[in-house]
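Only one structure is covered here, and it is reproduced in the block below.
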Amino acid sequence: MNKHKKLLSKITAFSFVLPAILVVGLLLLYPVASSIFYSFTSKNLIKTTYKFVGLKNYIKVLSDSTFISSFLTSLKWTIFSLIGQVVVGFTAALALEHIRRGKGFYRTILIIPWAFPSIVIAMSWKWILNGVYGFVPIALVKLGIFSEIPQFFTTKEFVFATLLFINIWFGAPLIMVNVLSALQTIPKDQYEAARIDGATSLQQFRYITLPHISVVVGLLVVLRTIWVFNNFDLIYLITGGGPANLTQTVPIYAYNVGWGQKQLGVASAVTVLLLVFLLVICAIYFRILNKLEKEGPQ
Amino acid sequence: MNKSKLNRSLLTDSISYLYLTILAVIAAFPLLWIILSAVKEKGEMITNPTALFPKKLTLDNFRVVIEQLHFGSNMLNSVIVAGCTTIVSVIIAALGAYGVVRFFPRFGKVMTRVLITTYMFPPILLAVPYSILVGKAGLVNSRIGLVITYLSFSVPYAIWLLVGFFKTVPLEMEEAAYVDGANRLQVFIQIVMPIVTPGVIAVAIYTFINAWNEFLYSLILINSSNKMTVGIILKSLEGQEVMDWGVMMAASAMVVIPSVIFFMLIQKKIAGGLAAGSIK
């Protein structure tokens with residue numbers, strides 16, 4: 001009887017987590033496994049038959065100079081976006097923490113970009129920076145900064161910086177809010193004590209603020225790195241990878257191969273390579289996490 | 001406080017305010033410009049592109065969006081898809097998060113890492129198998145197909161956020177209910193859920209916003225315009241030969257304003273959870 005009860009209790013406990021396990025298994029792990037399978041086949045978007053092609057797709061992708069340049073563009077896009085988001089988000093959080101009045105007001109305004117759907121980010125900035133009637137380009141001409149209307153989306157010199165600006169605009173609020181909540185966990189008396197000991201603001205920042213928030217910020221940065229690296233929507237909707245593949249990242253490349261050229265097998269190979277790269281980053285991330293958990297202040 | 005110190009804090013104060021004001025203008029400008037462009041007359045947008053405020057307010061753009069483009073039905077599609085995604089994921093995630101916190105605490109760390117790893121899966125990686133599997137299941141161009149794929153990102157994220165809330169539930173209250181003869185499901189629904197309701201609502205709203213904002217999966221899984229969600233219909237509007245920016249901004253306003261309002265309501269709860277979730 002008791003044994004029976006124990007088994008029943010195990011079953012009810014398990015049934016709580018079963019749906020979640022099914023979602024992860026059926027919607028995440030199984031599709032990834034099938035993607036790995038298709039990456040070794042000639043799967044086409046329209047045709048139903050396909051055959052096994054071995055490593056052909058991988059060889060094709062890795063020897064394609066467009067893939068290599070897309071990968072480099074992805075790295076560039078990720079690194080510069082991240083630096084921008086962290087610098088803006090971090091400084092904004094420090095400024096917010098510093099001021100006494102209007103904190104809530106500024107915070108509320110500053111997080112607006114976070115709520116934007118990617119399609120509206122794309123459309124609003126395309127309109128604001130529009131090369132014929134856009135507010136900013138025409139204002140820049142009126143101010144005498146440009147002699148003719150700058151074309152932010154089609155000029156080689158501008159397009160990448162424009163995308164970065166938009167991505168920083170979108171991503172900085174998330175960093176800001178998280179740094180802010182990390183800042184608020186620092187006990188205020190530590191600053192008090194440091195001030196009595198004659199520490200400068202810079203020293204306080206270096207020896208109290210930074211160590212306290214480094215764990216949260218570090219992990220946040222890694223998660224954001226992956227997220228920015230994976231981002232498809234923004235670039236697809238704003239430039240579509242153009243002009244002349246100049247802003248084509250790996251996700252855009254995979255989309256073009258899979259849905260543009262209809263070669264899903266090859267597209268699978270691209271995304272599997274992407275996954276392998278990200279898993280390596282992931283492994284490094286957990287390593288750092290373990291290390292921080294051993295030494296960290298929290 | 002001596003004078004030089006007072007001056008210095010005055011200086012850092014004004015630098016902070018100046019910096020935050022500049023950032024606030026940049027952060028808010030697109031939303032402002034969407035709304036202002038949506039209520040401007042077409043002629044004014046062309047003759048004076050840098051005029052901030054419209055001379056004459058008009059709702060013509062909204063009329064076109066609703067009456068000619070039948071944007072209402074696309075909004076409804078998005079509401080249905082995001083709503084179903086939210087209900088299903090919150091139920092699955094609440095059960096899962098509670099189950100892990102209460103019955104399998106030793107797996108908590110492993111689970112968090114699995115969730116973080118799935119968070120790192122590129123959406124484009126899942127897009128390829130989804131287009132094949134959803135096609136096989138005969139769910140292309142259906143809202144159900146879309147809801148199922150949306151669970152892939154909403155459930156893990158909701159679990160991650162909810163675990164933090166469930167950890168705050170005192171064990172004694174549950175034990176007292178067990179002594180009174182309640183079973184686990186009763187305890188969960190009658191004791192635990194009421195305590196975490198504020199957190200669950202915040203997570204539900206966040207899930208809804210994310211599903212409402214989703215783009216890639218609906219791009220590959222929906223191609224008939226009466227099933228399209230708002231994101232895809234806006235994209236197809238852009239592809240038309242004569243692009244009317246006033247109309248585009250009116251439609252954008254209808255998509256983004258609910259997101260912004262709901263987001264502001266819950267941001268404090270979510271932000272704390274994000275930071276907490278990332279270190280636990």
Side-chain angles (χ1 to χ4, degrees), chain A residues 12-13 16-17 19-20 23-24 27-28 31-32 34-35 92 95 98-99 106 108-120 123-125 127-128 133 135 138-139 142 169 177-178 181-182 215-216 219-220 223 226 230 232-233 251 254-255 258 264 267-268 271 274-275 278 282 286 298, chain B residues 12-13 16-17 19-20 23-24 26-28 30-31 33-34 37 45-46 49-50 92-93 95-96 98-100 103 113 117-118 120-126 128-130 133 151-152 155 159 184 213 215-216 231 234-235 245 248-249 252 255-256 259-260 263-264 267 271-272 274-275 278-279:
Chain A
T12 54
F16 271 85
V17 291
V23 166
V24 173
L27 294 177
L28 289 157
V32 171
S34 84
S35 209
H98 181 78
I99 64 169
Y106 278 110
T108 309
I109 300 290
L110 288 175
I111 58 153
I112 290 176
W114 191 353
F116 265 55
S118 44
I119 181 76
V120 181
M123 291 310 156
S124 58
W125 282 107
W127 172 226
I128 293 167
Y133 303 117
F135 177 85
I138 292 182
K142 279 191 180 163
W169 173 86
V177 165
N178 281 286
S181 58
V215 177
V216 172
L219 303 184
L220 194 67
L223 284 175
I226 307 287
N230 287 341
F232 169 83
D233 298 7
Y255 178 81
L264 281 187
S268 295
T271 58
L274 193 61
L275 180 68
L278 292 173
C282 218
F286 287 138
Q298 275 144 338
Chain B
T12 51
D13 272 9
S16 296
Y17 278 113
Y19 182 56
L20 289 172
L23 289 183
I26 298 171
L31 183 63
W33 199 238
I34 289 170
S37 303
M45 278 169 71
I46 293 167
T50 51
I92 295 176
L95 286 169
Y98 176 72
V100 169
F103 311 134
R113 295 197 166 188
T117 311
T118 65
M120 293 186 172
F121 284 0
I124 192 77
L125 166 74
L126 295 168
V128 177
Y130 282 169
L133 297 170
L151 295 182
S152 69
V155 170
I159 295 178
R184 276 178 174 158
N213 290 0
F215 179 78
L216 175 61
L234 281 184
K235 175 71 184 158
W245 281 106
M248 180 63 102
M249 287 304 113
S252 297
V255 176
V256 76
S259 278
V260 171
F263 193 72
M264 284 180 168
Q267 42 112 357
L274 261 177
S278 64
I279 47 174

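Here is the naming used below: chain letters follow the sequence lines, and residue numbers restart at 1 for every chain. Just so you know, these numbers use all the heavy atoms, side chains as well, and skip hydrogens, waters and symmetry mates.
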**Message:** Less than 4.5 Å to any heavy atom of chain A: does that hold for the side chain of B/V155, its backbone, both, or neither?
**Reply:** side chain
**Asked** With only heavy atoms counted, which part of B/I34 is less than 4.5 Å from chain A, the side chain, the backbone, both or neither?
**Response** side chain
**Step-by-step side chain to side chain contact (heavy atoms under 4.5 Å, CB included) determination, A/T12 to B/F103** = CA-CA 10 Å; A/T12 54; B/F103 311 134; over 6 Å; no
**Asked** Which atom names give the shortest non-hydrogen contact between B/A28 and A/I112, and what distance separates them?
**Response** CB-CD1, 4.3 Å
**Item:** Residue pair A/L274, B/L125: steps toward the side chain to side chain contact (heavy atoms under 4.5 Å, CB included) verdict
**Value:** CA-CA 8 Å; A/L274 193 61; B/L125 166 74; 5.8 Å; no
**Complete:** Honestly, the part of B/Y98 sitting under 4.5 Å from a heavy atom of chain A is side chain
**Prompt:** To the nearest 0.5 Å, what is the distance between OG1 (A/T108) and CE (B/M264)?
**Reply:** 6.0 Å
**Request:** Can you tell which part of A/Y255 gets under 4.5 Å to a heavy atom of chain B, answering side chain, backbone, both or neither?
**Result:** both
**B/F215 portion near chain A, given a 4.5 angstrom heavy-atom threshold** = both
**Prompt:** Do you know which of A/I138, A/V24, A/L110 has the most heavy-atom pairs with chain B at a distance under 4.5 angstrom?
**Reply:** A/L110
**Request:** Specify which of A/V23, A/I128, A/L264 makes the most heavy-atom pairs with chain B at under 4.5 Å.
**Result:** A/I128
**Request:** Let me know if B/A93 has heavy atoms under 4.5 Å from chain A in its side chain, its backbone, both or neither.
**Result:** neither
**Prompt:** Can you tell me how far the CE atom of A/M123 sits from the OG atom of B/S252, to the nearest 0.5 Å?
**Reply:** 7.0 Å
**Request:** Say whether, by atom type as modelled, one donor and one acceptor occur between the side chain of B/N213 and the main chain of A/A115 under 3.5 angstrom.
**Result:** yes
**Message:** For B/M45, which atoms come within 4.5 Å of any heavy atom of chain A: side chain, backbone, both, or neither?
**Reply:** both
**Asked** Given a strict heavy-atom distance threshold of 4.5 Å, which part of A/W169 is in contact with chain B: side chain, backbone, both, or neither?
**Response** side chain
**Fill in**
CG of A/D233 to NZ of B/K235, rounded to nearest 0.5 Å, is 11.0 Å
**Asked** With a 4.5 angstrom heavy-atom cut-off, which part of B/I26 approaches chain A: side chain, backbone, both or neither?
**Response** both
**Request:** Check B/V128 against A/S268 and note the closest heavy-atom contact, atom names and distance.
**Result:** CG1-OG, 3.3 Å
**Complete:** Nearest heavy-atom contact between B/I124 and A/T271 is O-CG2, 3.7 Å
**Nearest-0.5 Å distance, CG of residue A/N230 to CG of residue B/L216** = 11.0 Å
**Prompt:** Less than 6.0 Å separating the ring centroids of B/W245 and A/Y133?
**Reply:** no
**Message:** Does any backbone or side-chain atom of B/L23 lie under 4.5 Å from a heavy atom of chain A? Answer side chain, backbone, both or neither.
**Reply:** both
**Request:** Determine yes or no for a side-chain-to-main-chain donor-acceptor pair under 3.5 angstrom, with B/Y130 supplying the side chain and A/L27 the backbone.
**Result:** yes
**Item:** Nearest heavy atoms of B/S16 and A/I99, plus distance in Å
**Value:** CB-CG2, 3.6 Å
**Options B/P123, B/P129, B/S259, B/G231, ranked by heavy-atom pairs under 4.5 Å with chain A, top entry** = B/P129
**Message:** How close do A/P31 and B/L126 get, counting heavy atoms only, and between which atoms?
**Reply:** CB-CD2, 4.0 Å
**From B/F121 atom CZ to A/L28 atom CG, the distance as rounded to the nearest 0.5 Å** = 6.5 Å
**Item:** Closest approach of B/Y19 to A/A92 (non-hydrogen atoms, all atoms of both residues)
**Value:** CE2-N, 3.8 Å
**Message:** If I take atom CG from residue B/L20 and atom CD1 from residue A/I109, how far apart are they, to the nearest 0.5 angstrom?
**Reply:** 11.5 Å
**Item:** ring pair (Phe, Tyr, Trp, His ring centres under 6.0 Å) against A/F135, all qualifying residues, sequence neighbours excluded
**Value:** B/F29, B/W33
**Request:** Tell me, for B/L133 versus chain A, whether the close heavy atoms (under 4.5 Å) come from the side chain, the backbone, both or neither.
**Result:** side chain
**Item:** Residue among B/L31, B/I159, B/V100 with most heavy-atom pairs under 4.5 Å to chain A
**Value:** B/L31
**Request:** Return the set of residues passing side-chain hydrogen bond (donor to acceptor under 3.5 Å, both in side chains) with B/T118 (not counting sequence neighbours), or none when no residue passes.
**Result:** none
